[in-house]
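Worksheet: the structure to be examined is printed underneath.
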2 protein chains.
Amino acid sequence: MTHRTVGHPAGLPDDPRAHVTAPTPDCPVEITLAALHGRWTTLVIRELLRGDRSYSDLRAALPRLSDKVLSDRLAQLVEAGVVERNRRPGWPPRVRYALTPNGHRLGPVLQALWDWGARTSPPDTGAESSRATDPVH
Amino acid sequence: MTHRTVGHPAGLPDDPRAHVTAPTPDCPVEITLAALHGRWTTLVIRELLRGDRSYSDLRAALPRLSDKVLSDRLAQLVEAGVVERNRRPGWPPRVRYALTPNGHRLGPVLQALWDWGARTSPPDTGAESSRATDPVH
DNA sequence: CTGAATCCCTGCCGATACTG
DNA sequence: CAGTATCGGCAGGGATTCAG
């Protein structure tokens, strides 16, 4: 057993940023939340976790997502180092979006978010509640 | 090795909600993000991960957080099943805020958020980069 | 096909003042 | 001590239109 700064489960690392007194952009938690920030963001990432996608692939997969928000999100994710944008020469213009290595590392993060939410709100037909939290299936 | 729905690391569970096409409140990821939603929320949770706190304890720990937002956040977290509010009889009024069991389970979630953010943006004086991602210390 | 520009409306959050 | 009431500024995001 390793010792802990306080007697509580799952403490945060002993980093100066673990003691900040306001939500600064330096805090690693804020960095991640900034990358995931905004509506639709996690769904775009989920699509890209399944493989590369073109702009219209994403539009087709998320029909209610408007062009403005989609390009906003993609720009935000590129900026955050989550997504890579690859334009191919020729006509018509073809662009592929893919996760960077950092982007793939968001998989476990989304998994953690999923797990907590799945436990908190039971799927609740009442019958088959055991499979929803299975890690991979 | 368990098999996977797609050949990518850290797939999501095979749940119908993993295929939603819009950000619905049913999605476990959305549930968790809703619990964490808004400025200051994670910092309030961090304080409570360190132990029970009174209202003024929280105000003292987060001096730039206004009364309005603090009570908003606490109400939000109570509503989300993360925080429990305990009033003690007598005068002056004494109230203690504590995490519920569900609230404590947010520890690993915040840890996952921390880890990704810590990797993505190096602390980078260049020297001591190995301890920042240590799980507990 | 892949976006960018604009408009407008809503909801967040910060500051201040007040109450049981 | 532990909050609520109110107001104003600003950013987020949806619909539509235009461009390379």
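Every chain is numbered from 1 and lettered A, B, ... according to where its sequence line falls, protein lines coming before strand lines.
Within 4.0 Å (heavy atoms only), B:Arg94 reaches sugar-phosphate atoms of the nucleic acid but no base atom. No contact: A:Arg88 has no heavy atom under 4.0 Å from any strand.
A:Pro28 and B:Ala118 make their closest contact through CB-N, 3.6 Å (heavy atoms, listed as atom of the first residue, atom of the second, distance). Taking each heavy atom of B:Leu113 and A:Thr32 in turn, the nearest pair found is O-OG1, 2.6 Å. The minimum heavy-atom distance between B:Arg96 and B:Ser54, with the atom names listed, is NH2-N, 3.5 Å. The minimum heavy-atom distance linking A:Thr21 with B:Ala61 is given by the pair OG1-O, 3.2 Å.
For the pair B:Arg46 (side chain) and B:Leu110 (backbone), a donor-acceptor distance under 3.5 Å is absent. Proximity of a side-chain donor or acceptor of B:Trp116 to a complementary backbone N or O of A:Asn102 within less than 3.5 Å is detected.
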With the criterion being N/O to N/O and under 3.5 Å, what pairs connect the protein with nucleotides 18-20 of chain D, and how long is each?
none

Show me, pair by pair, the donor-acceptor contacts under 3.5 angstrom made by side chains of residues 71-84 of chain B, not counting sequence neighbours?
from, atom 1, to, atom 2, distance (Å)
B:Ser71, OG, B:Asp67, O, 2.8
B:Ser71, OG, B:Lys68, O, 3.2
B:Asp72, OD2, B:Lys68, NZ, 3.2
B:Arg73, NE, B:Arg39, O, 2.7
B:Arg73, NE, B:Thr41, OG1, 3.1
B:Arg73, NH1, B:Gln76, OE1, 3.4
B:Arg73, NH2, B:Arg39, O, 3.3
B:Gln76, NE2, B:Ala34, O, 3.4
B:Gln76, NE2, B:Ala35, O, 3.1
B:Gln76, NE2, B:His37, O, 2.8

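For B:Glu30, the side-chain contact (heavy atoms from CB on, under 4.5 Å) criterion is met by A:Thr42, B:Pro23, B:Cys27, not counting sequence neighbours.
Residues from residues 57-76 of chain A with heavy atoms under 4.0 angstrom of DNA chain C, sorted by number: A:Arg59, A:Asp67, A:Lys68, A:Ser71.
Between B:Arg96 and D:dA2 there is no side-chain polar atom (N or O) within less than 4.0 angstrom of OP1 or OP2. Contact annotation: A:Trp40 side-chain N/O to D:dG14 OP1/OP2 distance is under 4.0 Å.
Counting non-hydrogen atoms of neighbouring residues, nucleotides and ligands closer than 6.0 angstrom, the CZ atom of A:Arg105 exceeds 12 such neighbours.
With rounding to the nearest 0.5 Å, the separation of CG in B:Leu106 from CG in B:Leu49 is 7.5 Å. Rounding to the nearest 0.5 Å gives a distance of 12.0 Å between CD1 of A:Ile31 and CG of A:Leu36. A:Glu47 CD to A:Leu62 CG: the interatomic distance, rounded to the nearest 0.5 Å, is 5.0 Å.
Fit an axis to the five pairs at each end of the helix from C:dC1-D:dG20 to C:dG20-D:dC1 and the two axes sit 50° apart, to the nearest 10 degrees.
Reading DNA chain C from its 5' end, the first and the last nucleotide to sit under 4.0 Å from a heavy atom of chain A are C:dC1 to C:dT6.
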| message | Test side chain to side chain donor-acceptor pair (under 3.5 Å) on B:Tyr97 and B:Arg53; report intermediate values, then the result. | response | CA-CA 5 Å; B:Tyr97 291 94; B:Arg53 294 286 190 271; over 6 Å; no

